[in-house]
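Below you'll find the structure, written out as structure tokens, and then a few comments.
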Amino acid sequence: MDGRPVDVAKPHLFNERTLDGYRRTLADGIDRVVSRIGRADRPFTGISAAALAREIAEVDLDRPLGEAAVALDELEDVYLRDAVYFHHPRYLAHLNCPVVIPALLGEAVLTAVNSSLDTWDQSAGGTLIERRLIDWTAGRLGLGPYADGVFTSGGTQSNLHALLLAREEALAGGREKQHRLRVITSEAAHFSVRKSAKLLGLAPNAVIVVETDADRRMRPAALARELDRCRRENLPVMAVVATAGTTDFGSIDPLPEIARLCAGAGAWLHADAAYGCGLLVSRTRRHLLDGVERADSVTVDFHKSFFQPVSSSAVLVRDRAVLRHAAYHADYLNPAGTAGRIPNQVDKSLQTTRRFDALKLWLTLRVMGPDAIGALFDEVVDLAAATWVLLNEDPRFEVVTRAQLSTVVFRYLPADPGRALAGEANLYAREALAASGAAMVAATRVDGRHYLKFTLLNPETTLDDIAHVLDLLAGHAERYVNDRVPLGVSAG
Ligand SMILES: *Cc1c(COP(=O)(O)O)cnc(C)c1O
């Protein structure tokens with residue numbers, strides 16, 4: 001197409017004159033994804049970062065291809081061919097779920113309409129839909145009549161937001177004690193607790209980590225001891241962070257006991273249910289979250305256990321008045337005086353311009369309903385229990401805790417002469433498996449040792465898939481122990 005640059009550019013604008021192009025272009029994009037998903041016989045091709053980096057570096061960003069179809073051809077090479085596919089039943093690594101179609105529909109609609117949920121005058125119905133979903137979630141949590149919250153980009157932001165509110169409450173009497181504030185959490189908590197403490201300007205030793213029991217749940221006695229010590233040493237406990245579903249072990253801290261201790265000490269209780277929030281819609285396991293209703297704030301990640309695409313998360317609070325700590329007023333946006341009269345979500349959020357992620361959950365609930373989501377989550381929790389049994393009976397492996405959610409932490413244990421190589425053999429097995437693309441598992445450390453981890457979030461994964469992946473892992477590990485293949489040469 002010739003002409004002035006602006007005339008060449010205008011057909012790419014999305015408006016009433018370009019609807020055919022919009023429909024064709026998106027349909028083409030969907031077709032590419034359809035054919036990739038239809039053909040994916042492995043979760044990953046195993047390509048190395050260096051090989052892919054070369055392809056991406058070669059793209060000249062100042063020389064456009066002009067046609068979406070041509071750009072999609074290129075995208076096949078630089079992204080789609082080698083992406084990691086979470087929908088694949090042998091993707092068993094991190095907390096990435098396969099997604100449900102109603103949520104994908106929501107994603108397509110929300111990006112096209114492109115509402116921004118900062119102010120009512122940019123979102124209208126979007127704001128009210130988000131508020132209904134916050135109320136619905138708070139209702140499932142049992143946070144009471146004054147609860148509120150807001151959607152966020154993820155659990156990390158939700159935790160930061162909650163801890164910001166807790167800090168402001170703790171500093172109500174004066175900011176000079178900020179350097180004395182303490183946050184107590186367990187050794188199995190998510191690293192975003194420490195990161196938040198740093199971002200909030202707390203002292204480097206502000207986060208006190210208490211030990212967990214054999215099931216990797218916070219020991220209430222250890223928490224009581226630390227609360228007591230902080231009181232004696234005049235260190236205000238700004239928050240206790242309990243985890244409802246630890247990232248590695250899927251363990252749920254004993255919320256009722258922790259809530260009782262927090263109430264006794266006057267400490268803010270934040271429940272990090274980024275992973276465990278799927279239990280809110282389980283018809284058989286909701287009781288595992290009992291006690292969460294006593295938290296002052298809660299993190300939920302719908303993009304972990306509600307089968308939602310990234311991003312979809314929320315932070316909720318028991319007392320909506322605390323949200324004022326994140327409110328600022330700008331004359332151009334939400335001038336002082338409009339609060340309460342006009343529903344501006346920017347008054348509650350750390351973000352300004354913000355995606356209408358809530359629409360994905362809305363359509364999911366309207367099409368499928370909560371029980372259906374809960375049934376999918378229950379399925380993977382059942383699978384994790386069966387996997388634990390399988391591993392426990394398998395002499396090649398040692399398995400750690402019996403998870404309450406859907407992770408399984410285990411390691412290959414070589415028979416005796418090679419036992420000293422267990423750590424390296426497990427590292428090697430994971431790397432070799434990923435390089436083959438046949439399956440993906442995660443790694444973690446337990447008591448200083450290297451372990452492997454399944455995070456099971458795909459209801460289509462079967463116990464046969466698991467058994468097959470265990471055979472592959474054992475094969476790689478045995479090869480390492482017997483041949484002493486050096487680490488790092490597995491790729492290819
Ligand atoms: C994943 C996770 C987070 C962080 O959530 P993101 O959405 O990845 O930012 C926080 N806490 C726990 C327990 C998690 O598992």
Side-chain angles (χ1 to χ4, degrees), residues 84 86 91-97 99 103 137 141 149-164 166 183-200 207 209-210 212 215-218 239-255 258 269-280 288-289 291-292 295 297-316 349-351 354-355 357-358 360-361 377 380-381 384 401 403-409 442-444 453-457:
V84 176
F86 300 154
Y91 178 82
L92 311 169
H94 300 287
L95 275 166
N96 310 109
C97 53
V99 296
T137 309
L141 288 164
V150 71
F151 271 67
T152 70
S153 62
T156 302
Q157 189 190 346
S158 296
N159 284 347
L160 172 64
H161 193 155
L163 290 175
L164 167 74
V183 174
I184 306 180
T185 194
S186 95
E187 57 195 354
H190 193 261
F191 68 86
S192 55
V193 175
R194 288 174 174 284
K195 197 178 201 172
S196 299
K198 184 170 185 177
L199 288 167
L200 292 171
V207 178
V209 171
V210 301
T212 54
D215 292 327
R216 310 287 157 174
R217 307 167 62 198
M218 184 190 285
V240 171
V241 179
T243 313
T246 61
T247 315
D248 270 350
F249 303 103
S251 48
I252 299 170
D253 288 339
L255 299 171
I258 293 172
L269 172 58
H270 175 63
D272 180 357
Y275 176 14
C277 62
L279 297 173
L280 292 174
L288 293 176
L289 286 180
V292 76
S297 55
V298 184
T299 286
V300 295
D301 260 4
F302 301 114
H303 62 216
K304 287 202 179 137
S305 47
F306 271 68
F307 304 93
Q308 299 294 294
V310 179
S311 55
S312 183
S313 176
V315 61
L316 296 110
S349 176
L350 300 186
Q351 294 165 263
R354 192 163 54 86
R355 287 167 58 81
D357 285 318
K360 296 178 281 192
L361 181 59
F377 192 54
V380 294
V381 179
T401 58
Q404 289 169 287
L405 297 180
S406 64
T407 62
V408 190
V409 178
T444 190
K453 175 171 79 163
F454 289 147
T455 307
L456 305 177
L457 283 176

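Just follow the structure's listing: the first ligand is 1, and inside any ligand the first atom is 1.
- Between G245 and ligand 1, not a single N/O pair is under 3.5 Å apart.
- Checked against a 3.5 angstrom limit, the closest N/O atoms of H303 and ligand 1 fall inside it.
- Listed by chain and residue number, V100, Q308, P309, K360, T364 satisfy the side chain to side chain contact (heavy atoms under 4.5 Å, CB included) test with A103 (two or more places apart in sequence, or in another chain).
- Using a 4.0 Å cut-off between charged nitrogen and carboxylate oxygen, R355 and D357 count as a salt-bridge pair.
- Counting heavy atoms closer than 4.0 Å to ligand 1, residue L95 contributes side-chain atoms (C-beta onward) but none from N, CA, C or O.
- Any N or O atom pair closer than 3.5 Å counts here, and T246 shares no such pair with ligand 1.
- Nearest-residue assignment for atom 1 (C) of ligand 1 (options K304, H190, Q157; heavy-atom criterion): K304.
- Residues D272 and T185 are not in side-chain contact: their nearest non-hydrogen atoms beyond the backbone lie 4.5 Å or more apart.
- Under a 4.0 Å criterion applied to the non-hydrogen atoms of T247, ligand 1 contributes the atoms 12 (C), 13 (C), 14 (C), 15 (O).
- Using a 4.5 Å heavy-atom cutoff, the side chains of L457 and N96 are not in contact.
- Backbone and side-chain nitrogen or oxygen atoms of T156 are examined, and one is located within less than 3.5 angstrom of a nitrogen or oxygen of ligand 1.
- Each of the following atoms of ligand 1 lies closer than 4.0 Å to a heavy atom of G155: 4 (C), 5 (O), 6 (P), 7 (O), 9 (O).
- The closest side-chain heavy-atom distance from N159 to H270 is below 4.5 Å.
- A403 pairs by the side chain to side chain contact (heavy atoms under 4.5 Å, CB included) definition with T407, not counting sequence neighbours.
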